[in-house]
Amino acid sequence: MEKVIKKYRLTDSEKQEEDDLRFWKSRSIKEKIDAVEELRKQYSEMRGINLNEQGLQRILTIVKLSQS
């Protein structure tokens, strides 16, 4: 992933948020998933969690839709 650095004034939080949204909207699904995975790895390292032992829990719930 390419690194992008922009400088903002502390009072320009709206501009920063708009630029962030524009940036992430321009990224592919794969790039977004890769970014989340990288953040998850960094968080795990920071907290001392072994990724081989700890993973994301996946839950599937089947819900019947009522007939209208």
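Scope of the values below: all heavy atoms of this structure, side chains included, with no hydrogens, waters or symmetry mates.
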Trainee: To the closest 0.5 Å, what do you measure between CD (Glu38) and CD1 (Ile33)?
Mentor: 14.5 Å

Trainee: Looking at residues at least two apart in the chain, or sitting in another chain, which of them share a side chain to side chain contact (heavy atoms under 4.5 Å, CB included) with Lys30?
Mentor: Ser28, Asp34

Trainee: Specify the closest pair of heavy atoms between Lys32 and Arg27, including all atoms of both residues, with the distance to one decimal.
Mentor: CE-O, 3.4 Å

Trainee: Roughly how far, to the nearest 0.5 Å, is the OG atom of Ser44 from the CD atom of Gln42?
Mentor: 10.0 Å

Trainee: Using a 4.5 Å cut-off on heavy atoms from C-beta on, say whether the side chain of Met46 contacts that of Tyr43.
Mentor: yes

Trainee: Under the side chain to side chain donor-acceptor pair (under 3.5 Å) rule, collect the residues that match up with Arg22, sequence neighbours excluded.
Mentor: Asp19

Trainee: Between Arg40 and Glu37, is there a side-chain N and carboxylate O pair less than 4.0 Å apart?
Mentor: yes

Trainee: For Glu14, check side chain to side chain contact (heavy atoms under 4.5 Å, CB included) against everything at least two apart and list the hits.
Mentor: none

Trainee: Taking transitive links into account, so neighbours of neighbours count too, which hydrophobic residues share a cluster with Leu39 at under 4.5 Å side-chain distance?
Mentor: none

Trainee: With sequence neighbours excluded, what pairs up with Gln16 under the side chain to side chain contact (heavy atoms under 4.5 Å, CB included) test?
Mentor: Tyr8, Asp20

Trainee: Could you pull out all residues at least two apart from Glu45 that satisfy side chain to side chain donor-acceptor pair (under 3.5 Å)?
Mentor: none

